Protein chains: 2
Amino acid sequence: MKQKEIKIPEATIKRLSTYINCLERLDAEGFQVVSSELLGESCQVSPAQIRKDLSYFGEFGVRGVGYGTKNLAEQIKKILGLDKIWPTVLVGVGHLGHALLNFTFFREHGYRMVAAFDNDPGKIGREVTTDVIIHPIEKLVEITREERAAIGIITVPASSAQETADRLVEGGVKGILNFAPNKVKVPENVTIRNVSIVSELDNLAYLLSKKHGRRRLTRKKTISRPPKL
Amino acid sequence: MKQKEIKIPEATIKRLSTYINCLERLDAEGFQVVSSELLGESCQVSPAQIRKDLSYFGEFGVRGVGYGTKNLAEQIKKILGLDKIWPTVLVGVGHLGHALLNFTFFREHGYRMVAAFDNDPGKIGREVTTDVIIHPIEKLVEITREERAAIGIITVPASSAQETADRLVEGGVKGILNFAPNKVKVPENVTIRNVSIVSELDNLAYLLSKKHGRRRLTRKKTISRPPKL
DNA sequence: TTGTTAATGTGATAACTATCACGATAGCCG
DNA sequence: CGGCTATCGTGATAGTTATCACATTAACAA
Ligand SMILES: NC(=O)c1ccc[n+]([C@@H]2O[C@H](COP(=O)([O-])OP(=O)(O)OC[C@H]3O[C@@H](n4cnc5c(N)ncnc54)[C@H](O)[C@@H]3O)[C@@H](O)[C@H]2O)c1
Ligand SMILES: NC(=O)c1ccc[n+]([C@@H]2O[C@H](COP(=O)([O-])OP(=O)(O)OC[C@H]3O[C@@H](n4cnc5c(N)ncnc54)[C@H](O)[C@@H]3O)[C@@H](O)[C@H]2O)c1
């Protein structure tokens, strides 16, 4: 496949990440070779979708046979840049930050937590995991620079999210994963992704109230005005 | 707008959830009225997109003026079913489960944690928050039924995710939010949403390695075969 | 070597989603 | 009360993503 300046769907990238997981599980179950059908069954994506997703990046299978399980996982990791280590810092060691720092899955998949920061004096200096201690927020820029962290994770309250993002950018990170519910602004050359757990729940609530709630009103003009101004 | 059997884009629902947040912030900042432009600026969505999203559900604005901030937030909550309380249970009170149970935002936005479950005897009976105690996993079906929980949150290790989902379904939940990295199967009438934090990070890694990595190879046939079988 | 088989890779097509451009209209002011 | 202005609501259009269908081809067996 030619690799011109083809636009790759964002959804494809998201799926590739899940393929890795499924492939690792299938590999553990003893499948040395998987067809797009088996992989699709395993991660709930249509076989055609899988083949299309992969076709953006090259040819990884053998016609009439399938894909080498280990090999394909390896190739996808390379595509996603997970063959390299990504030094990562986290800001805001509260409930969620603590959970993320203790999530071993990350370090097993290409990310290395190199530092954590908080502004609560009571937390400074504590070891969260064996290799990460909590630094004062004032040292964020310095340490982030020093460690050449490429990714920053924001788990501070919404009110501090923007200033935290600014500091991370100053520290030189190129990507930010933001768990605070408000969007933050970053320069052009920094990538930001927002994780909105609440939106996911809300989505669920919407689907449930549509299916199990009272009947939907049909063909009725629904106008709901704001109070007179 | 007529409300026939129009298909509403999933992306619209996701955005509606974020609009609520932005509206609440703008309201707190003193804006009694917002235009689609201001709201769009605030939550980084185009004004046209916002108007289109809303138009699926009715007319909520005043031409030449804008939307009543409080009113619009209220209306969107009604659309998403957040005007009702959703009794919710959580299974697996580890690092992540603990963080979610302590996330006050949920209860302020229509969700009520009615019970938590774990299979670790050491955790049973402990109070996680003032109103939630940890029950043994064996009582899941019974208590979930009793409390009429509509939503279940899965924060157990991947290996236990499927059996947990099965129990939740047996307990009568109609929607599941799954944080385990593997997809689980549920009956037709139950809605499942997967939250993949790792995928989000991987997405970031992909974008970064594309932008900041070595030059992309262009127009070269990239074939990477699995080892000879 | 050649035919058979199974599963890939991909162009064409359908479905979905976002953007645009503008007509409609509420409020305001003279 | 009529014209002006700001902003909504929406049909038309462009762009994006998923699905389909099948030609292609590696492996294997005879
Ligand atoms: N807890 C969850 O399950 C959950 C889920 C989704 C989103 N979030 C979001 O994640 C963020 C953190 O949530 P949490 O529950 O962990 O909150 P938390 O209050 O437990 O933790 C916040 C931490 O950030 C620190 N902090 C505050 N201001 C800071 C600053 N300016 N610089 C550095 N550190 C600072 C605090 O000391 C605290 O340790 C919030 O924005 C929340 O909305 C949380
Ligand atoms: N920690 C994170 O930041 C994070 C992020 C993304 C996804 N996840 C996923 O969330 C899940 C939980 O992660 P964690 O870090 O909280 O793990 P954890 O080990 O801290 O917690 C798991 C909890 O589940 C309980 N448990 C195990 N099997 C159970 C069963 N069969 N029934 C009931 N309870 C059971 C354990 O006793 C434990 O309390 C995992 O699937 C993980 O991949 C975690």
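Chain identifiers are assigned alphabetically (A, B, ...) following the order of the sequence lines, protein sequences preceding nucleic acid strands; residue numbering begins at 1 within each chain. This structure is a prediction, so every number in the text was calculated from the model and none was measured.
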Answer yes or no: is there a donor N or O on one side and an acceptor on the other, between the side chain of A:Ser209 and the main chain of A:Ala205, under 3.5 Å?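 Flag set: sc A:Ser209 to bb A:Ala205 pair under 3.5 Å.
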Name all residues meeting the side chain to side chain donor-acceptor pair (under 3.5 Å) criterion together with [X]; count only those two or more places apart in sequence or in a different chain, and write none if there are none.
| X | result |
| --- | --- |
| B:Lys77 | B:Glu24 |
| B:Glu170 | none |
| B:Ser35 | none |

All N/O contacts under 3.5 Å from nucleotides 4-7 of chain D to the protein, with atom names and distances to one decimal?
| from | atom 1 | to | atom 2 | distance (Å) |
| --- | --- | --- | --- | --- |
| D:dT7 | O4' | B:Gly64 | N | 3.1 |
| D:dT7 | O2 | B:Gly64 | N | 3.1 |

Are side-chain N/O atoms of A:Thr69 and A:Asp27 paired as donor and acceptor at under 3.5 Å?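 Note: A:Thr69 and A:Asp27 side chains miss the donor-acceptor criterion.
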Separation of [X] atom [atom1] from [N] atom [atom2], in whole Å?
| X | N | atom1 | atom2 | value |
| --- | --- | --- | --- | --- |
| A:Gln75 | C:dT8 | CD | P | 16 Å |
| A:Leu72 | C:dA7 | CG | P | 16 Å |
| B:Leu16 | C:dA18 | CG | P | 11 Å |
| A:Phe60 | C:dT10 | CZ | C1' | 15 Å |

Tabulated below should be each protein N or O lying under 3.5 Å from an N or O of nucleotides 16-20 of chain D; please produce it.
| from | atom 1 | to | atom 2 | distance (Å) |
| --- | --- | --- | --- | --- |
| D:dT17 | OP2 | A:Lys7 | NZ | 3.4 |
| D:dA18 | OP1 | A:Arg15 | NH1 | 2.9 |
| D:dA18 | OP2 | A:Arg15 | NH2 | 2.9 |
| D:dT19 | OP2 | A:Gln49 | OE1 | 3.3 |

With a 4.0 Å cut-off, would you call A:Asp53 and A:Arg15 a salt bridge?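 Counted as a salt bridge, because a side-chain N and a carboxylate O are separated by less than 4.0 Å.
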Before accepting this row, confirm whether a basic side-chain N of the pair B:Arg167/B:Glu163 lies closer than 4.0 Å to the acidic partner's carboxylate O.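 The answer is yes: the pair qualifies as a salt bridge.
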Applying salt bridge (charged side-chain N to carboxylate O under 4.0 Å, His left out), which residue pairs with at least one partner in residues 174-197 of chain B are found, sequence neighbours left out?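 Of all non-adjacent pairs touching residues 174-197 of chain B, those that pass salt bridge (charged side-chain N to carboxylate O under 4.0 Å, His left out) are A:Glu41-B:Lys185, A:Glu200-B:Arg193, B:Glu10-B:Arg193.
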